[in-house]
Amino acid sequence: VIALTNILDTSIMLGRLQDALKLTEDAARDMKGMYDKALTLYNLPASFMGPLTASVIPHVSAALKVKRRRQAAQISETTLRTTALLAIPAGVGLFVLGEPIIRLLYASTDVELGGWMLSVLGAASIAVCFMLVSNSILQAHRMVALPMTTTVIGCAMKLAVGYVLIGSEDIGIRGGPISTVVCFWLIALLDLFIIKRTLPRSLSMARVFVKPVGAAAAMGAAAWAVNGLCYQLLVKLNLFLELGEDEKPLLDAAGNALLSRTGTALSVAAAIGVAVVVYFALILVTRAISKEDLALLPKGDKIARILRVE
C-alpha cells in the first residue's frame, strides 16, 4: 500500500507543481529531487526498527500460545518503550539539525528549503517507527487486518492533503513533508489507540512515552544550543567561513555569514556529540531504560552489563 502511495504521490507532486504552480517540468523535477534528498535521511531511523519488529512477533506469540495475555501486553509495552527510546531522539535530532545537515551534505541545493523539509520529515520519522512496530504487535496478537486498514486510511489522507497543499502558491513543495507527517502520525496514533483498547490494562502509554520524550526534548535543546554557539564562535573567530571569489565571507538571505563545509561539519559533530551525552545521561539517571528493553536489541545483554542497567 505504501509503495503504491509513493508512486501516486510522486505523480501528484509533479503534476500539481506544473499544473497549479505553472512550473516547468525541469523546475518541478528539481524541487522533487530536493524533497527526495530529505527523504533519504528521513528513512534512516526506520531502518533501525528491524530487530524490534523481528523479535516482538515470536515473543508475543509464545506468550499468547500459553494464554498469558498480560505477559504478552508487557512484552508489547517493552517493545514500544524501546521504540520510543530509539525513534524519538533520532526524529528530534533531524528536526533540530535539519538545515545544518542539509548544508553539510547537499550544499549546492536550496539549503533553507531542504533544511525545512528535513526538519518536518524528522517529526514524521518518529511516527514511521511507531507504525512499523505497532503493526508487528497487532499482527502478533492476530489482528492482521487492522494494520492494513489504518495504513489505507493514512495513505488516502496523504494523497488528499498533498494534492491540496502542493497546489497552493503559499505552500508548494512544502506540502509533501506536511502530508507525510499527517499520513504516518494518523496511522501510528490509530495503531496505538487499537493496542491500548484491545490489550490488557497493564499496558501503560505513560511508561512508554513520558521519560523518552522528556530526555529527547532536553537533548534537542542541547543540540540546538551547541550548534548555535559553535556557529557564533566560528564566525567571531573568522574561522571556516565560506568565501567568495573576492575572499569575503558569503552571506545567506538573512545576511548571516555562511560556514564552509568543514565549519558546518564541526558544528554538527559538536551538537550531535553533546546531544548523545545528554540523552544517555538522562535515560540512565531517570531509569528510562531497563534490562528487558535492551534484551530486544542485538547484543542487548552485553550493552546492559556495560551500562550497568538492571
Side-chain angles (χ1 to χ4, degrees), residues 1-2 5 42-43 45-61 63-64 69-92 94-95 120-158 161 177-217 220 283 288-290 292-293 296-297:
V1 175
I2 293 177
T5 300
Y42 134 90
N43 284 322
S47 65
F48 295 105
M49 294 299 108
L52 289 178
T53 57
S55 65
V56 65
I57 294 178
H59 282 86
V60 170
S61 298
L64 292 175
R69 295 192 70 240
R70 188 173 295 275
Q71 180 184 357
Q74 291 173 345
I75 294 171
S76 300
E77 179 184 314
T78 298
T79 306
L80 287 173
R81 187 167 57 250
T82 305
T83 303
L85 289 166
L86 295 173
I88 295 176
V92 169
L94 292 177
F95 179 82
V120 175
L121 289 171
S125 71
I126 300 173
V128 172
C129 294
F130 277 104
M131 176 198 71
L132 294 172
V133 174
S134 296
N135 285 352
S136 295
I137 291 173
L138 290 172
Q139 290 171 15
H141 283 84
R142 303 185 183 92
M143 292 180 278
V144 180
L146 286 175
M148 180 65 69
T149 302
T150 59
T151 300
V152 169
I153 293 172
C155 289
M157 183 64 70
K158 174 179 174 60
V161 172
I178 295 173
S179 67
T180 301
V181 170
V182 172
C183 167
F184 289 109
W185 271 111
L186 177 59
I187 297 172
L189 290 174
L190 288 173
D191 286 348
L192 291 172
F193 176 77
I194 294 169
I195 289 172
K196 179 62 178 175
R197 291 297 300 269
T198 56
L199 270 60
R201 294 182 179 274
S202 58
L203 189 150
S204 170
M205 289 298 176
R207 288 196 296 266
V208 169
F209 287 104
V210 172
K211 290 180 180 180
V213 167
I283 63 172
I289 193 168
S290 66
E292 289 75 17
D293 299 333
L296 295 171
L297 301 176

Completion exercise
Rounded to the nearest 0.5 angstrom, the CG-CZ distance for L64 and R69 is 7.5 Å
Problem - Pair K158-T180, side-chain donor/acceptor within less than 3.5 Å - result: yes
Exercise for the section: State which residues pass ring-ring contact (aromatic ring centres under 6.0 Å, His included) with F130; sequence neighbours excluded, sorted by chain then number. Expected result: F209
Pair up each side-chain donor or acceptor in residues 85-92 with any protein partner under 3.5 Å, not counting sequence neighbours, and list the distances.
none

Practice task
Could you tell me the separation between the CG atom of L94 and the CD1 atom of I126, rounded to the nearest 0.5 Å?
Solution key: 8.5 Å
Handout entry: side-chain contact (heavy atoms from CB on, under 4.5 Å) assessment of T5 paired with V1
Key = CA-CA 6 Å; T5 300; V1 175; 4.2 Å; yes
Handout entry: Sub-4.5 Å side-chain heavy-atom contact between P212 and I283
Key = no
Completion exercise
dist F48:CZ -> C129:SG (nearest 0.5 Å) comes out at 9.5 Å
Handout entry: Atom pair CD/CE of Q139 and M148 - distance to nearest 0.5 Å
Key = 8.5 Å
Handout entry: Nearest non-hydrogen partners of L132 and A46, listed with the distance
Key = CD1-CB, 3.9 Å
Handout entry: Any donor-acceptor pair under 3.5 Å from W185 side chain to V128 backbone
Key = no
Completion exercise
Shortest non-hydrogen pair, R207 vs R81, comes out as O-CD, 3.4 Å
Practice task
Determine yes or no for a side-chain-to-main-chain donor-acceptor pair under 3.5 angstrom, with S134 supplying the side chain and M131 the backbone.
Solution key: no
Practice task
Could you give me the CA-CA distance, side-chain angles and deciding distance for H141 and T198, then say whether side-chain contact (heavy atoms from CB on, under 4.5 Å) is met?
Solution key: CA-CA 9 Å; H141 283 84; T198 56; over 6 Å; no
Handout entry: Residues that A206 engages under side chain to side chain contact (heavy atoms under 4.5 Å, CB included), provided they are two or more places apart
Key = S204, V210
Problem - L52 and T83, any side-chain heavy atoms less than 4.5 Å apart - result: yes
Practice task
Report yes if some heavy atom in the side chain of T150 is under 4.5 Å from a heavy atom in the side chain of I194; otherwise report no.
Solution key: yes
Problem - Minimum heavy-atom distance T53-S136, with the two atoms named - result: CB-OG, 3.3 Å
Handout entry: Validation row: C183, M157 side chains within 4.5 angstrom (heavy atoms)
Key = no
Exercise for the section: Enter the distance from L138:CG to I57:CD1 here, rounded to the nearest 0.5 Å. Expected result: 10.5 Å
Practice task
Considering non-hydrogen atoms only, spot the tightest contact between L192 and M205 and give its length.
Solution key: O-CE, 3.6 Å
Problem - Any donor-acceptor N/O pair, S61 side chain to P58 backbone, under 3.5 Å - result: no
Completion exercise
Between the CG atom in L146 and the CG atom in D191, the distance rounded to the nearest 0.5 Å is 8.5 Å
Problem - side-chain contact (heavy atoms from CB on, under 4.5 Å) evaluation trace for F184 with I2 - result: CA-CA 10 Å; F184 289 109; I2 293 177; 4.0 Å; yes
Problem - Side-chain touch L186/I153, heavy atoms, less than 4.5 angstrom - result: yes
Handout entry: Minimal non-hydrogen separation, I187 against G154, with atom names
Key = CG1-CA, 3.7 Å
Exercise for the section: Can you see which heavy atom on V120 is nearest to which on I178, and at what distance? Expected result: CG1-N, 4.2 Å
